[in-house]
Amino acid sequence: MSEHPQYAKIWRTVQLIPLGKVASYGQIADLAGLPGRARLVGKSLGFVPKDMEVPWHRVLRSNGQIAFPTGSEQSQKQSGLLQQEDVAVFNNRVKLSIFQWQPDLAEMLWKLEY
DNA sequence: AGGGTGACCGGAC
DNA sequence: AGTCCGGCCACCC
């Protein structure tokens, strides 16, 4: 439970990804005000508190791939959660041209309260 | 202190 | 379309 202040910020940003859309690790880092820290986003998602709802499955690599190895338990779970919200996964991968979240800047400023 | 480690990224072939 | 490679940077020994 010892948190780094950055984690909460990342989790909040991930919570803004709309159902049926996805974002990349780097994109989340940028939106969270942490450019260059895509890897930190991945790590933080492994530490989401159980009582918090964070749609971690909507975060993918910059090429649309699920970050976990194909066929692994985790990738199967992520894939299932995505398809459950009508995001098509093919070969461990999602077409970003169709499903990538494109946040409206004004709305972001509002929700993140800078 | 300093080196290794990632749920990463972009460019170069 | 892949694969490779260097860069990245907070975190953890």
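No hydrogens, no waters, no symmetry mates; every other heavy atom, side chains included, goes into these values.
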What's the spacing between A:Ser72 OG and A:Asn92 CG if we round to 0.5 Å?
7.0 Å

Checking contacts here: which listed nucleotide (C:dC9, B:dA7, B:dG10) is nearest the side-chain heavy atoms of A:Phe68?
B:dA7

Treating A:Gln78 as the side-chain partner and A:Ser75 as the backbone partner, does any N or O pair qualify as donor plus acceptor under 3.5 Å?
no

Electrostatic pair A:Arg58-A:Glu85, nearest N-O below 4.0 angstrom
yes

Under 4.0 angstrom, heavy atoms only, what part of the nucleic acid is A:Ser44 near: base, sugar-phosphate, or nothing?
nothing

Exercise: identify the closest heavy-atom pair between A:Leu96 and A:Ser62:
CD1-O, 3.2 Å

In whole angstroms, the gap separating P of C:dC11 from CG of A:Leu45 amounts to 14 Å

With a 4.0 Å cutoff (strictly under), does any side-chain N or O of A:Ser24 reach OP1 or OP2 of B:dC9?
yes

Please classify the nucleic acid contact of A:Arg39 as base, sugar-phosphate, or nothing, using heavy-atom distances under 4.0 Å.
base

Which sits closer to the 5' end of DNA chain C, A:Phe47 or A:Pro35, going by the nucleotide each is nearest to?
A:Pro35

Separation of atom CZ in A:Arg61 from atom P in B:dG6, rounded to whole Å
13 Å

How long is the line joining OH of A:Tyr25 and C1' of C:dC8, in whole Å?
17 Å

Whole angstrom is fine here: how far is it from CG in A:Leu96 over to C1' in B:dC9?
13 Å

In whole Å, I'd like the distance from the CG atom of A:Leu40 to the C1' atom of C:dG7.
17 Å

Please report the interatomic distance CZ(A:Arg39) to CZ(A:Arg37), rounded to the nearest 0.5 Å.
14.0 Å

Counting side-chain heavy atoms from CB outward, which of B:dC8, B:dC9, C:dC9 is closest to A:Ala67?
B:dC8

Atom CD of A:Gln76 and atom P of B:dA7 are separated, to the nearest Å, by 19 Å

By nearest-nucleotide position on DNA chain C, the 5'-leaning member of A:Arg37 and A:Arg93 is A:Arg93

Once you round it to whole Å, what is the distance between C1' of C:dC4 and CG of A:Asn63?
14 Å

Round to a whole Å and report the spacing from CH2 of A:Trp11 to P of B:dA7.
15 Å

